[in-house]
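Below: one structure, written as C-alpha coordinates.
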Amino acid sequence: MAHTDIIVLGAGIVGTSVAVALAKRGASVALVDRGGPGEGTSYGNAGIIEGNTVFPAAFPSDWTTLARIVLKESPVANYHLAFLPKVAPWLAAFRAASRPARLVETARLMRPLMARAVAEHEALSAEAGATNYLRRTGWLKLYRSDAAFAAQARELELAETFGIANVALDGAGVRALEPSLNPVFRHAVHWTGAVSVTNPLALTRAYAARFVVLGGVIVGGDARTLHRAGSSWRVDAASGPLDAGEVVVALGPWAPDVLAPLGITLPLAVKRGYHRHYRPHGNAALGRPVLDAENGYCLAPMEQGIRLTTGAEFAARDAPPTPVQFARLLPKARELLALGEPVEAQPWMGARPCFADSRPVIARAPKQSGLWLAYGHGHWGLTLGPATGRLIAEMMTGATPFCDPAPYSAERFLR
Ligand SMILES: Cc1cc2nc3c(=O)[nH]c(=O)nc-3n(C[C@H](O)[C@H](O)[C@H](O)COP(=O)(O)OP(=O)(O)OC[C@H]3O[C@@H](n4cnc5c(N)ncnc54)[C@H](O)[C@@H]3O)c2cc1C
(Lines give C-alpha, C1' and ligand atoms only; values in the text may rest on other atoms or scores of the structure.)
Protein backbone atom coordinates (compact mmCIF):
# COMPACT_ATOMS: atom_id res chain seq x y z
CA MET A 1 0.00 0.00 0.00
CA ALA A 2 1.53 3.34 -1.08
CA HIS A 3 0.66 6.47 0.88
CA THR A 4 1.23 10.14 0.06
CA ASP A 5 0.00 13.35 1.63
CA ILE A 6 -1.90 14.35 -1.49
CA ILE A 7 -3.10 12.73 -4.71
CA VAL A 8 -3.66 15.02 -7.70
CA LEU A 9 -5.98 13.49 -10.26
CA GLY A 10 -5.27 14.62 -13.83
CA ALA A 11 -1.90 15.58 -15.30
CA GLY A 12 -3.01 18.32 -17.66
CA ILE A 13 -1.48 21.77 -17.35
CA VAL A 14 -3.70 22.44 -14.33
CA GLY A 15 -3.07 19.22 -12.38
CA THR A 16 0.64 19.21 -13.19
CA SER A 17 0.98 22.80 -12.03
CA VAL A 18 -0.97 22.00 -8.84
CA ALA A 19 1.28 19.00 -8.17
CA VAL A 20 4.46 21.06 -8.60
CA ALA A 21 3.16 23.84 -6.36
CA LEU A 22 2.27 21.34 -3.60
CA ALA A 23 5.59 19.50 -3.89
CA LYS A 24 7.44 22.81 -3.65
CA ARG A 25 5.69 23.43 -0.36
CA GLY A 26 6.98 20.17 1.06
CA ALA A 27 4.01 17.82 0.54
CA SER A 28 4.49 14.28 -0.75
CA VAL A 29 2.36 14.17 -3.88
CA ALA A 30 1.29 11.53 -6.41
CA LEU A 31 0.04 12.77 -9.78
CA VAL A 32 -2.35 10.26 -11.35
CA ASP A 33 -3.33 10.12 -15.01
CA ARG A 34 -4.45 7.39 -17.35
CA GLY A 35 -2.13 8.81 -20.02
CA GLY A 36 1.00 10.93 -20.06
CA PRO A 37 1.20 14.51 -18.72
CA GLY A 38 -0.27 17.10 -21.04
CA GLU A 39 -1.85 14.66 -23.48
CA GLY A 40 -5.49 15.67 -22.81
CA THR A 41 -7.00 19.08 -23.57
CA SER A 42 -3.69 20.70 -22.68
CA TYR A 43 -2.11 19.13 -25.75
CA GLY A 44 -4.01 21.10 -28.32
CA ASN A 45 -4.56 24.70 -27.35
CA ALA A 46 -3.48 27.83 -29.20
CA GLY A 47 -0.61 28.28 -26.77
CA ILE A 48 -1.55 31.75 -25.59
CA ILE A 49 -0.80 32.69 -22.01
CA GLU A 50 -3.43 35.38 -21.99
CA GLY A 51 -2.67 37.06 -18.71
CA ASN A 52 -3.85 40.30 -20.23
CA THR A 53 -7.19 39.21 -21.65
CA VAL A 54 -10.03 41.25 -20.21
CA PHE A 55 -13.36 39.79 -21.28
CA PRO A 56 -14.12 36.08 -21.58
CA ALA A 57 -15.60 34.53 -24.71
CA ALA A 58 -19.24 35.62 -24.78
CA PHE A 59 -22.58 34.54 -26.20
CA PRO A 60 -23.20 36.49 -29.44
CA SER A 61 -24.87 39.80 -28.73
CA ASP A 62 -26.18 40.41 -32.24
CA TRP A 63 -28.85 38.45 -34.06
CA THR A 64 -26.96 38.23 -37.35
CA THR A 65 -24.05 36.35 -35.75
CA LEU A 66 -26.45 34.12 -33.85
CA ALA A 67 -28.54 33.39 -36.94
CA ARG A 68 -25.42 32.39 -38.90
CA ILE A 69 -24.42 30.02 -36.11
CA VAL A 70 -27.91 28.51 -36.00
CA LEU A 71 -27.85 28.06 -39.78
CA LYS A 72 -24.39 26.48 -39.49
CA GLU A 73 -22.89 29.10 -41.75
CA SER A 74 -20.64 30.72 -39.17
CA PRO A 75 -17.02 29.72 -38.69
CA VAL A 76 -17.26 30.88 -35.07
CA ALA A 77 -19.21 27.96 -33.58
CA ASN A 78 -20.86 24.64 -34.36
CA TYR A 79 -23.35 22.41 -32.54
CA HIS A 80 -24.98 18.99 -32.62
CA LEU A 81 -28.74 19.56 -32.83
CA ALA A 82 -29.59 16.53 -30.67
CA PHE A 83 -27.31 17.88 -27.92
CA LEU A 84 -28.95 21.31 -27.65
CA PRO A 85 -31.75 20.34 -25.22
CA LYS A 86 -29.11 18.95 -22.85
CA VAL A 87 -26.92 22.03 -22.94
CA ALA A 88 -29.80 24.54 -23.06
CA PRO A 89 -29.73 25.46 -19.31
CA TRP A 90 -25.98 26.03 -19.51
CA LEU A 91 -26.40 28.15 -22.67
CA ALA A 92 -29.06 30.24 -20.92
CA ALA A 93 -26.68 30.83 -18.01
CA PHE A 94 -23.85 31.63 -20.44
CA ARG A 95 -26.07 34.12 -22.24
CA ALA A 96 -26.97 35.79 -18.94
CA ALA A 97 -23.27 35.94 -17.98
CA SER A 98 -22.53 37.59 -21.34
CA ARG A 99 -24.52 40.74 -20.58
CA PRO A 100 -22.18 43.76 -20.61
CA ALA A 101 -22.36 44.37 -16.87
CA ARG A 102 -21.67 40.70 -16.11
CA LEU A 103 -18.68 40.66 -18.47
CA VAL A 104 -17.20 43.57 -16.57
CA GLU A 105 -17.88 41.76 -13.29
CA THR A 106 -16.18 38.61 -14.61
CA ALA A 107 -13.20 40.63 -15.81
CA ARG A 108 -12.82 42.12 -12.33
CA LEU A 109 -13.24 38.79 -10.54
CA MET A 110 -10.74 37.06 -12.83
CA ARG A 111 -8.20 39.88 -12.76
CA PRO A 112 -6.19 38.77 -9.69
CA LEU A 113 -5.68 35.33 -11.19
CA MET A 114 -5.02 36.59 -14.71
CA ALA A 115 -2.58 39.18 -13.42
CA ARG A 116 -0.39 36.36 -12.01
CA ALA A 117 -0.61 34.15 -15.10
CA VAL A 118 2.47 35.21 -17.03
CA ALA A 119 4.65 35.65 -13.93
CA GLU A 120 3.81 32.17 -12.63
CA HIS A 121 4.61 30.58 -16.01
CA GLU A 122 7.85 32.58 -16.19
CA ALA A 123 8.87 31.34 -12.74
CA LEU A 124 7.86 27.72 -13.29
CA SER A 125 9.37 27.48 -16.75
CA ALA A 126 12.64 28.92 -15.40
CA GLU A 127 12.70 26.27 -12.64
CA ALA A 128 11.82 23.58 -15.18
CA GLY A 129 14.45 24.67 -17.71
CA ALA A 130 11.66 25.27 -20.20
CA THR A 131 11.85 28.99 -20.95
CA ASN A 132 12.79 28.08 -24.53
CA TYR A 133 9.10 27.23 -25.12
CA LEU A 134 7.95 30.76 -24.21
CA ARG A 135 7.76 33.48 -26.81
CA ARG A 136 7.47 37.00 -25.41
CA THR A 137 6.02 38.71 -28.48
CA GLY A 138 2.42 39.23 -27.33
CA TRP A 139 -0.49 38.30 -29.55
CA LEU A 140 -2.58 40.03 -32.16
CA LYS A 141 -6.33 40.36 -32.51
CA LEU A 142 -7.37 41.37 -36.01
CA TYR A 143 -10.66 43.04 -36.98
CA ARG A 144 -11.84 43.02 -40.56
CA SER A 145 -14.57 45.63 -40.09
CA ASP A 146 -14.80 49.01 -38.36
CA ALA A 147 -17.87 47.74 -36.50
CA ALA A 148 -16.05 44.74 -34.99
CA PHE A 149 -13.22 46.96 -33.84
CA ALA A 150 -15.61 49.55 -32.43
CA ALA A 151 -17.29 46.78 -30.42
CA GLN A 152 -14.00 46.34 -28.52
CA ALA A 153 -14.07 49.88 -27.14
CA ARG A 154 -15.32 48.76 -23.71
CA GLU A 155 -12.69 46.08 -23.44
CA LEU A 156 -9.93 48.54 -24.31
CA GLU A 157 -11.25 51.05 -21.78
CA LEU A 158 -11.23 48.41 -19.08
CA ALA A 159 -7.76 47.27 -20.11
CA GLU A 160 -6.60 50.81 -19.48
CA THR A 161 -8.09 50.88 -15.99
CA PHE A 162 -6.39 47.53 -15.28
CA GLY A 163 -3.11 48.85 -16.69
CA ILE A 164 -2.92 46.16 -19.38
CA ALA A 165 -0.53 47.12 -22.16
CA ASN A 166 -1.85 47.07 -25.72
CA VAL A 167 -1.23 48.94 -28.92
CA ALA A 168 -3.89 49.64 -31.56
CA LEU A 169 -2.43 49.12 -35.03
CA ASP A 170 -3.46 49.77 -38.59
CA GLY A 171 -2.56 47.51 -41.51
CA ALA A 172 0.91 49.01 -41.92
CA GLY A 173 1.62 48.59 -38.22
CA VAL A 174 0.61 44.94 -38.34
CA ARG A 175 2.68 44.24 -41.43
CA ALA A 176 5.71 45.72 -39.70
CA LEU A 177 5.24 43.02 -37.05
CA GLU A 178 3.92 40.23 -39.27
CA PRO A 179 4.97 40.78 -42.90
CA SER A 180 3.34 37.52 -44.06
CA LEU A 181 -0.20 38.61 -43.14
CA ASN A 182 -2.31 39.80 -46.03
CA PRO A 183 -4.14 43.10 -45.43
CA VAL A 184 -7.68 41.66 -45.26
CA PHE A 185 -8.31 43.42 -41.94
CA ARG A 186 -8.74 47.08 -41.06
CA HIS A 187 -7.71 47.19 -37.41
CA ALA A 188 -5.66 45.24 -34.92
CA VAL A 189 -4.76 45.27 -31.26
CA HIS A 190 -1.36 44.01 -30.19
CA TRP A 191 -1.54 42.73 -26.61
CA THR A 192 2.11 43.21 -25.96
CA GLY A 193 2.39 41.60 -22.52
CA ALA A 194 1.01 38.21 -23.53
CA VAL A 195 3.36 35.27 -23.86
CA SER A 196 2.83 32.32 -26.17
CA VAL A 197 4.03 28.75 -26.14
CA THR A 198 5.67 26.98 -29.07
CA ASN A 199 4.73 23.49 -27.85
CA PRO A 200 2.11 23.19 -25.08
CA LEU A 201 2.68 19.43 -24.70
CA ALA A 202 6.42 19.89 -24.20
CA LEU A 203 5.76 22.64 -21.65
CA THR A 204 3.48 20.45 -19.51
CA ARG A 205 5.98 17.60 -19.80
CA ALA A 206 8.74 19.92 -18.59
CA TYR A 207 6.62 20.97 -15.60
CA ALA A 208 5.94 17.29 -14.88
CA ALA A 209 9.68 16.57 -15.00
CA ARG A 210 10.20 19.39 -12.52
CA PHE A 211 7.60 17.79 -10.25
CA VAL A 212 9.59 14.54 -10.30
CA VAL A 213 12.82 16.38 -9.47
CA LEU A 214 11.00 17.82 -6.44
CA GLY A 215 10.26 14.26 -5.27
CA GLY A 216 6.78 13.84 -6.77
CA VAL A 217 5.65 10.58 -8.34
CA ILE A 218 3.63 10.18 -11.52
CA VAL A 219 1.35 7.17 -11.39
CA GLY A 220 -0.75 5.55 -14.11
CA GLY A 221 -4.32 4.82 -13.14
CA ASP A 222 -8.02 5.47 -13.53
CA ALA A 223 -9.24 8.38 -11.43
CA ARG A 224 -12.75 6.90 -11.40
CA THR A 225 -11.54 4.35 -8.86
CA LEU A 226 -11.36 7.12 -6.23
CA HIS A 227 -13.13 6.08 -3.04
CA ARG A 228 -12.94 6.41 0.72
CA ALA A 229 -10.83 3.89 2.61
CA GLY A 230 -11.22 4.55 6.30
CA SER A 231 -10.05 8.08 6.99
CA SER A 232 -8.11 8.23 3.69
CA TRP A 233 -8.94 8.58 0.05
CA ARG A 234 -7.84 5.69 -2.18
CA VAL A 235 -7.17 5.34 -5.90
CA ASP A 236 -6.65 1.87 -7.33
CA ALA A 237 -3.65 2.83 -9.45
CA ALA A 238 -2.01 0.59 -12.03
CA SER A 239 0.78 -0.10 -9.54
CA GLY A 240 -1.63 -0.90 -6.70
CA PRO A 241 -3.74 0.99 -4.15
CA LEU A 242 -2.61 4.52 -3.41
CA ASP A 243 -3.85 6.32 -0.28
CA ALA A 244 -3.76 9.98 0.70
CA GLY A 245 -5.36 12.27 3.22
CA GLU A 246 -6.28 14.80 0.55
CA VAL A 247 -7.11 14.68 -3.15
CA VAL A 248 -7.23 17.39 -5.78
CA VAL A 249 -9.51 16.74 -8.75
CA ALA A 250 -7.89 18.43 -11.76
CA LEU A 251 -9.46 16.34 -14.48
CA GLY A 252 -10.58 19.18 -16.76
CA PRO A 253 -13.55 18.04 -18.84
CA TRP A 254 -13.50 14.62 -17.16
CA ALA A 255 -13.94 15.93 -13.61
CA PRO A 256 -17.68 15.07 -13.52
CA ASP A 257 -16.83 11.38 -14.09
CA VAL A 258 -15.25 11.32 -10.64
CA LEU A 259 -17.35 13.93 -8.88
CA ALA A 260 -20.86 12.83 -9.84
CA PRO A 261 -20.56 9.45 -8.05
CA LEU A 262 -19.48 11.42 -4.95
CA GLY A 263 -22.65 13.52 -5.14
CA ILE A 264 -20.96 16.65 -6.50
CA THR A 265 -22.64 17.94 -9.64
CA LEU A 266 -21.48 21.38 -10.65
CA PRO A 267 -22.83 22.81 -13.94
CA LEU A 268 -19.87 22.14 -16.23
CA ALA A 269 -20.26 22.04 -20.01
CA VAL A 270 -17.66 21.48 -22.66
CA LYS A 271 -16.90 23.63 -25.65
CA ARG A 272 -15.22 21.24 -28.00
CA GLY A 273 -12.46 22.65 -30.18
CA TYR A 274 -10.19 21.40 -32.92
CA HIS A 275 -6.78 22.14 -34.28
CA ARG A 276 -4.75 21.16 -37.29
CA HIS A 277 -1.24 22.17 -38.28
CA TYR A 278 -0.43 23.53 -41.73
CA ARG A 279 2.89 23.92 -43.47
CA PRO A 280 3.40 27.54 -44.45
CA HIS A 281 3.55 28.26 -48.16
CA GLY A 282 6.91 29.54 -49.35
CA ASN A 283 8.48 31.61 -46.60
CA ALA A 284 5.22 32.67 -44.92
CA ALA A 285 5.76 32.83 -41.17
CA LEU A 286 4.24 34.16 -37.95
CA GLY A 287 6.04 35.55 -34.93
CA ARG A 288 3.06 35.35 -32.57
CA PRO A 289 -0.49 33.94 -32.41
CA VAL A 290 -3.11 35.84 -34.37
CA LEU A 291 -6.89 35.86 -33.83
CA ASP A 292 -9.21 36.64 -36.73
CA ALA A 293 -11.87 38.09 -34.43
CA GLU A 294 -14.95 37.96 -36.68
CA ASN A 295 -14.15 34.43 -37.81
CA GLY A 296 -13.29 33.01 -34.41
CA TYR A 297 -10.11 31.10 -35.23
CA CYS A 298 -6.50 31.45 -34.20
CA LEU A 299 -3.34 30.90 -36.19
CA ALA A 300 -0.56 30.03 -33.78
CA PRO A 301 3.00 29.28 -34.82
CA MET A 302 4.08 25.99 -33.21
CA GLU A 303 7.04 23.67 -33.52
CA GLN A 304 4.78 21.35 -35.57
CA GLY A 305 3.65 24.04 -38.05
CA ILE A 306 1.02 26.80 -38.08
CA ARG A 307 -1.69 25.57 -35.70
CA LEU A 308 -5.18 26.58 -36.79
CA THR A 309 -7.52 26.33 -33.78
CA THR A 310 -11.30 26.54 -33.99
CA GLY A 311 -13.90 28.18 -31.79
CA ALA A 312 -16.55 26.31 -29.83
CA GLU A 313 -18.55 23.24 -30.75
CA PHE A 314 -21.49 22.34 -28.50
CA ALA A 315 -21.73 18.56 -28.54
CA ALA A 316 -21.43 15.68 -26.10
CA ARG A 317 -17.86 15.41 -24.85
CA ASP A 318 -17.42 11.89 -26.15
CA ALA A 319 -19.41 12.12 -29.40
CA PRO A 320 -17.35 11.39 -32.53
CA PRO A 321 -15.48 14.41 -33.93
CA THR A 322 -17.29 16.58 -36.51
CA PRO A 323 -14.63 19.06 -37.66
CA VAL A 324 -16.97 20.86 -40.08
CA GLN A 325 -15.70 24.27 -39.00
CA PHE A 326 -12.51 23.80 -41.00
CA ALA A 327 -14.39 24.02 -44.28
CA ARG A 328 -15.83 27.38 -43.15
CA LEU A 329 -12.58 28.67 -41.65
CA LEU A 330 -9.95 27.64 -44.12
CA PRO A 331 -10.88 30.05 -46.92
CA LYS A 332 -10.73 32.89 -44.38
CA ALA A 333 -7.45 31.67 -42.90
CA ARG A 334 -5.89 31.26 -46.34
CA GLU A 335 -6.96 34.81 -47.22
CA LEU A 336 -4.97 35.98 -44.22
CA LEU A 337 -1.86 33.78 -44.42
CA ALA A 338 -0.47 31.53 -47.15
CA LEU A 339 -1.14 28.14 -45.59
CA GLY A 340 0.07 25.05 -47.42
CA GLU A 341 -0.80 21.41 -46.85
CA PRO A 342 -2.01 20.06 -43.50
CA VAL A 343 0.59 18.23 -41.44
CA GLU A 344 -1.75 15.60 -39.95
CA ALA A 345 -4.24 13.34 -41.72
CA GLN A 346 -7.03 14.38 -39.31
CA PRO A 347 -7.66 17.35 -37.02
CA TRP A 348 -7.12 16.94 -33.26
CA MET A 349 -10.16 17.44 -31.01
CA GLY A 350 -10.29 18.58 -27.39
CA ALA A 351 -12.99 19.76 -24.98
CA ARG A 352 -12.64 23.01 -23.04
CA PRO A 353 -14.11 22.50 -19.56
CA CYS A 354 -16.35 25.53 -19.05
CA PHE A 355 -18.55 26.99 -16.38
CA ALA A 356 -21.08 29.45 -17.74
CA ASP A 357 -19.63 32.33 -15.71
CA SER A 358 -16.18 31.75 -17.28
CA ARG A 359 -14.58 31.25 -13.86
CA PRO A 360 -12.86 28.03 -12.81
CA VAL A 361 -13.47 26.25 -9.54
CA ILE A 362 -10.37 26.40 -7.35
CA ALA A 363 -11.69 25.40 -3.98
CA ARG A 364 -12.56 22.84 -1.37
CA ALA A 365 -15.20 20.44 -2.65
CA PRO A 366 -18.62 20.74 -1.09
CA LYS A 367 -19.81 17.83 1.06
CA GLN A 368 -16.55 15.82 1.00
CA SER A 369 -13.75 16.49 3.44
CA GLY A 370 -10.21 16.27 2.13
CA LEU A 371 -11.37 16.77 -1.45
CA TRP A 372 -10.28 19.82 -3.48
CA LEU A 373 -11.26 21.00 -6.94
CA ALA A 374 -9.17 22.69 -9.65
CA TYR A 375 -11.03 22.52 -12.94
CA GLY A 376 -13.31 24.37 -15.35
CA HIS A 377 -10.69 26.73 -16.78
CA GLY A 378 -12.47 26.94 -20.13
CA HIS A 379 -10.58 29.00 -22.68
CA TRP A 380 -7.89 29.90 -20.13
CA GLY A 381 -6.51 26.63 -18.79
CA LEU A 382 -3.03 26.99 -20.23
CA THR A 383 -2.96 30.58 -19.05
CA LEU A 384 -4.07 29.85 -15.52
CA GLY A 385 -2.45 26.48 -14.75
CA PRO A 386 0.51 27.71 -12.68
CA ALA A 387 -1.48 30.53 -11.01
CA THR A 388 -4.11 27.94 -10.05
CA GLY A 389 -1.39 25.68 -8.69
CA ARG A 390 -0.05 28.41 -6.50
CA LEU A 391 -3.47 29.47 -5.23
CA ILE A 392 -4.71 26.02 -4.30
CA ALA A 393 -1.37 25.03 -2.76
CA GLU A 394 -1.51 28.13 -0.59
CA MET A 395 -5.06 27.30 0.45
CA MET A 396 -4.23 23.66 1.19
CA THR A 397 -1.11 24.42 3.22
CA GLY A 398 -2.70 27.17 5.29
CA ALA A 399 -0.62 29.97 3.75
CA THR A 400 -2.20 33.30 2.93
CA PRO A 401 -3.63 32.99 -0.60
CA PHE A 402 -2.16 35.53 -3.02
CA CYS A 403 -5.71 36.55 -3.92
CA ASP A 404 -9.21 36.12 -2.56
CA PRO A 405 -10.33 32.66 -3.68
CA ALA A 406 -14.05 33.35 -3.06
CA PRO A 407 -14.90 34.04 -6.74
CA TYR A 408 -13.64 30.56 -7.62
CA SER A 409 -15.59 28.66 -4.98
CA ALA A 410 -17.87 25.73 -5.74
CA GLU A 411 -20.46 27.22 -3.37
CA ARG A 412 -21.31 29.92 -5.90
CA PHE A 413 -23.35 27.27 -7.72
CA LEU A 414 -25.06 25.98 -4.61
CA ARG A 415 -26.50 29.22 -3.25
C1 LIG B 1 -8.79 24.47 -29.55
C2 LIG B 1 -8.42 24.98 -28.17
C3 LIG B 1 -7.64 26.13 -28.04
C4 LIG B 1 -7.30 26.60 -26.77
N5 LIG B 1 -6.47 27.69 -26.66
C6 LIG B 1 -6.07 28.12 -25.43
C7 LIG B 1 -5.12 29.17 -25.29
O8 LIG B 1 -4.58 29.70 -26.27
N9 LIG B 1 -4.80 29.59 -24.03
C10 LIG B 1 -5.33 29.02 -22.92
O11 LIG B 1 -5.03 29.45 -21.81
N12 LIG B 1 -6.20 27.97 -23.02
C13 LIG B 1 -6.58 27.51 -24.23
N14 LIG B 1 -7.44 26.45 -24.35
C15 LIG B 1 -7.99 25.86 -23.14
C16 LIG B 1 -6.99 24.94 -22.43
O17 LIG B 1 -6.36 24.08 -23.35
C18 LIG B 1 -7.73 24.12 -21.36
O19 LIG B 1 -8.46 24.98 -20.52
C20 LIG B 1 -6.74 23.34 -20.52
O21 LIG B 1 -5.94 22.51 -21.32
C22 LIG B 1 -7.45 22.50 -19.46
O23 LIG B 1 -6.43 21.88 -18.74
P24 LIG B 1 -6.77 20.81 -17.65
O25 LIG B 1 -5.46 20.41 -17.02
O26 LIG B 1 -7.85 21.30 -16.77
O27 LIG B 1 -7.40 19.58 -18.47
P28 LIG B 1 -6.70 18.46 -19.35
O29 LIG B 1 -5.50 18.97 -20.06
O30 LIG B 1 -7.76 17.82 -20.17
O31 LIG B 1 -6.19 17.42 -18.27
C32 LIG B 1 -7.05 16.48 -17.66
C33 LIG B 1 -6.28 15.18 -17.52
O34 LIG B 1 -7.12 14.23 -16.87
C35 LIG B 1 -6.82 12.96 -17.40
N36 LIG B 1 -7.95 12.06 -17.16
C37 LIG B 1 -9.22 12.19 -17.61
N38 LIG B 1 -9.98 11.18 -17.14
C39 LIG B 1 -9.16 10.40 -16.40
C40 LIG B 1 -9.37 9.21 -15.66
N41 LIG B 1 -10.57 8.62 -15.58
N42 LIG B 1 -8.33 8.68 -15.00
C43 LIG B 1 -7.09 9.27 -15.05
N44 LIG B 1 -6.85 10.39 -15.73
C45 LIG B 1 -7.88 10.96 -16.40
C46 LIG B 1 -6.59 13.22 -18.87
O47 LIG B 1 -5.83 12.17 -19.43
C48 LIG B 1 -5.88 14.58 -18.85
O49 LIG B 1 -4.48 14.42 -18.89
C50 LIG B 1 -7.78 25.94 -25.61
C51 LIG B 1 -8.54 24.78 -25.74
C52 LIG B 1 -8.85 24.29 -27.00
C53 LIG B 1 -9.65 23.02 -27.11
Side-chain angles (χ1 to χ4, degrees), residues 10 12-15 17-18 21-22 49-59 89-90 92-121 154-155 157-159 161-164 248-253 255-256 259 264-271 352-368 371-415:
I13 186 66
V14 174
S17 302
V18 168
L22 288 165
I49 299 174
E50 303 187 48
N52 47 19
T53 288
V54 180
F55 286 155
F59 195 91
W90 188 95
F94 182 48
R95 185 161 184 244
S98 299
R99 287 193 202 108
R102 290 282 307 278
L103 290 179
V104 172
E105 183 196 5
T106 303
R108 290 195 191 287
L109 294 174
M110 288 302 292
R111 197 65 224 138
L113 215 46
M114 294 297 260
R116 287 298 316 161
V118 170
E120 293 299 324
H121 267 288
R154 252 179 105 76
E155 186 169 32
E157 262 171 46
L158 207 54
T161 66
F162 290 157
I164 300 173
V248 183
V249 175
L251 291 160
L259 296 176
I264 300 167
T265 50
L266 304 182
L268 188 84
V270 297
K271 290 187 194 170
R352 302 173 185 91
C354 299
F355 290 108
D357 61 7
S358 298
R359 283 183 258 150
V361 170
I362 306 168
R364 272 183 192 284
K367 302 181 205 169
Q368 299 281 357
L371 194 65
W372 295 80
L373 308 175
Y375 76 107
H377 292 71
H379 293 254
W380 291 330
L382 170 68
T383 301
L384 295 176
T388 297
R390 177 172 163 183
L391 181 60
I392 203 162
E394 287 170 348
M395 291 162 76
M396 291 178 74
T397 57
T400 305
F402 75 85
C403 68
D404 177 9
Y408 324 122
S409 75
E411 269 73 26
R412 71 186 196 263
F413 298 113
L414 308 174
R415 280 173 206 131

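Minimum interatomic distance between Gly252 and Pro353 (heavy atoms only, all atoms of both residues): C-CB, 3.6 Å. Here the closest heavy-atom approach between residue Leu109 and residue Tyr408 is recorded as O-OH, 2.7 Å. Here the shortest heavy-atom pairing between Ala255 and Tyr375 reads CB-CD1, 3.4 Å. The two residues Glu411 and Pro366 come nearest to each other via the heavy atoms OE2-CB, 3.9 Å. Across every non-hydrogen atom of Trp90 and Cys354, the tightest pair is NE1-O, 3.2 Å. A pairwise comparison of heavy atoms in Leu382 and His121 identifies O-NE2, 2.7 Å as the closest pair.
Leu22 has its side chain within reach of Val248: a pair of non-hydrogen atoms, C-beta onward, lies under 4.5 Å apart. The shortest distance between side-chain heavy atoms of Arg111 and Ile164 falls below 4.5 Å. When side chains are defined from C-beta on, Val104 counts as touching Arg154, because their heavy atoms get closer than 4.5 Å. When side chains are defined from C-beta on, Asp404 does not count as touching Pro112, because their heavy atoms never get closer than 4.5 Å. Two residues are said to be in side-chain contact when any heavy atoms from C-beta on lie closer than 4.5 Å; Pro360 and Val14 fail this criterion.
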Checking side chain to side chain contact (heavy atoms under 4.5 Å, CB included) for the pair Arg364/Met395: CA distance, chi angles, key distance, verdict? CA-CA 9 Å; Arg364 272 183 192 284; Met395 291 162 76; over 6 Å; no
For this session: Quick one: do Leu373 and Leu259 satisfy side chain to side chain contact (heavy atoms under 4.5 Å, CB included)? Show the steps, please.
Result: CA-CA 10 Å; Leu373 308 175; Leu259 296 176; 3.7 Å; yes
Checklist entry - Step by step, would you call Thr106 with Phe55 a side chain to side chain contact (heavy atoms under 4.5 Å, CB included)? => result CA-CA 7 Å; Thr106 303; Phe55 286 155; over 6 Å; no
- Yes or no on side chain to side chain contact (heavy atoms under 4.5 Å, CB included) for Met114 and Leu384, after CA distance, side-chain angles and deciding distance? CA-CA 7 Å; Met114 294 297 260; Leu384 295 176; 3.6 Å; yes
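Legend: residues meeting salt bridge (charged side-chain N to carboxylate O under 4.0 Å, His left out) with Arg102, ordered by chain and number and at least two apart, are Glu105.
How far CZ of Arg390 is from CD1 of Ile362: 12.5 Å, rounded to the nearest 0.5 Å. With values rounded to the nearest 0.5 angstrom, Met110 atom CE is found 9.0 Å from Thr383 atom OG1. Going from atom SG of Cys403 over to atom CG of Leu391 covers 4.5 Å, rounded to the nearest 0.5 Å.
Remark: the backbone N or O of Pro407 is paired with a side-chain donor or acceptor of Arg359 at under 3.5 angstrom. Under a 3.5 Å cut-off, the side chain of Glu50 and the backbone N or O of Trp380 do not form any donor-acceptor pair. Between the side chain of Ser17 and the backbone N or O of Gly389 there is no donor-acceptor pair closer than 3.5 Å.
The residue from Leu268, Thr265, Leu251 that alone fulfils the side-chain contact (heavy atoms from CB on, under 4.5 Å) condition with Pro256 is Leu268.
A 6.0 Å sphere centred on CZ of Arg116 holds more than 12 heavy atoms belonging to other residues, nucleotides or ligands.
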